[in-house]
Amino acid sequence: MPPAQRREQLIDAALSVILEQGYSGVSIEAVARTAGVTRPVVYDHFPNLGRLLHALVEREERYALEQLEAVVPADAGSLEPAELLVAGVRRFLEAVASRPATWRIILLPLDGTPEIVRDHVETNRARTQERIERLVRWATQRPEIPSDLDIELTARAIRSLGEEAGRTLLTDPERYSPERYAEFVTSLMALVWPPKSQGT
């Protein structure tokens, strides 16, 4: 197996062990057993368990950030605020559904989660919060949105809704589908800003 492919396999194995046994169950031996290789193969790519876990965190963080950039765009384009929120919630939940293992370690942290993982999650949560605040600030420039809307609290509410939606999707995907949440947000926005006030 090419080195790059083997490296990915070992990271996948480490992630699998963590999700099944928790961080306390992850070891070089457990990773090797899950990957179907010997311990020396693991050490050929990672000198110790710490380096392997660091590579895992970096990879999953990269995947999550790539998906979040699509969910919370830097530019709203021609979308209306309500359309932007509905589309964002749907895209986020589709991202969660496409990589459940990645989002489990972010949204459903296990007991014993290492500090490095918690720090990365909180750093990226703050970045996402800032992106949402920029979009809320943009929305308040529209005549149908109250100009005195608390931008920080609104962004926190949106982020919290998204995170809770992601958690319910991970625990019961059939009941809490992206489509169901998109319909809910559409109905909620119609109550907050009826079609007439949205200029439609």
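All values below come from the heavy atoms of this structure, side chains included, with hydrogens, waters and symmetry mates left out. Numbers here are sequence positions counted from 1.
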The complete set of side-chain hydrogen bond (donor to acceptor under 3.5 Å, both in side chains) pairs with one or both residues in residues 149-158, sequence neighbours excluded, reads Glu152-Arg156

Check the surroundings of atom CD in Glu66: do more than 12 heavy atoms from other residues, nucleotides or ligands lie under 6.0 Å from it?
yes

Applying salt bridge (charged side-chain N to carboxylate O under 4.0 Å, His left out) to Asp12 and not counting sequence neighbours gives Arg59

Checking the side chain of Thr34 only, and the main-chain atoms of Val31 only, is there a donor and an acceptor separated by less than 3.5 Å? no

### Message
Do Trp103 and Leu169 have side chains that approach each other closer than 4.5 Å (heavy atoms only, starting at C-beta)?
### Response
no

*Regarding Gln5 and Gln9, is there a side-chain donor-to-acceptor distance under 3.5 Å anywhere?*
no

Ala95 backbone acceptor or donor facing Ser98 side chain under 3.5 Å: yes

Is it the case that one hydrophobic cluster holds both Leu149 and Met189, taking links as side-chain heavy atoms less than 4.5 Å apart, direct or via other members? yes

Report task. With the side chain counted from C-beta on, respond yes when Arg127 and Leu68 share a heavy-atom pair under 4.5 Å apart, and no when they do not. Result -> no

- Task: Verify the neighbour count for atom CG of Asp111: are there more than 12 heavy atoms of other residues, nucleotides or ligands below 6.0 Å?
- Result: no

*Quick one: are Arg175 and Arg180 in side-chain contact, heavy atoms under 4.5 Å?*
yes

Hits for side-chain hydrogen bond (donor to acceptor under 3.5 Å, both in side chains) against Glu94, two or more places apart or cross-chain, chain-then-number order -> none

dist Thr102:OG1 -> Glu60:CD (nearest 0.5 Å) comes out at 3.5 Å

Counting C-beta onward and ignoring hydrogens, is there a side-chain heavy-atom pair between Val26 and Leu52 closer than 4.5 Å? no

Do Val185 and Leu161 touch side chain to side chain, with heavy atoms closer than 4.5 Å?
yes

Margin query: Side chains of Ile18 and Leu53, heavy atoms from C-beta outward: is any pair under 4.5 Å?
Written below: yes

| said: Less than 4.5 Å apart, side chain to side chain, heavy atoms only: is that true for Ile105 and Leu15? | reply: yes

Sorted by chain and number, sequence neighbours left out, side-chain contact (heavy atoms from CB on, under 4.5 Å) with Thr38 holds for Pro40, Val41

Taken in chain and number order and not counting sequence neighbours, the residues that satisfy salt bridge (charged side-chain N to carboxylate O under 4.0 Å, His left out) with Glu164 are Arg167

Q. Does the Thr171 side chain pair with the main chain of Thr168, one donor and one acceptor, at a distance under 3.5 Å?
A. yes

When rounded to the nearest 0.5 Å, the distance separating CG of Asp44 from CZ of Arg39 is 13.0 Å

With sequence neighbours left out, the residues meeting side-chain contact (heavy atoms from CB on, under 4.5 Å) with Ser27 are Glu29, Ala30

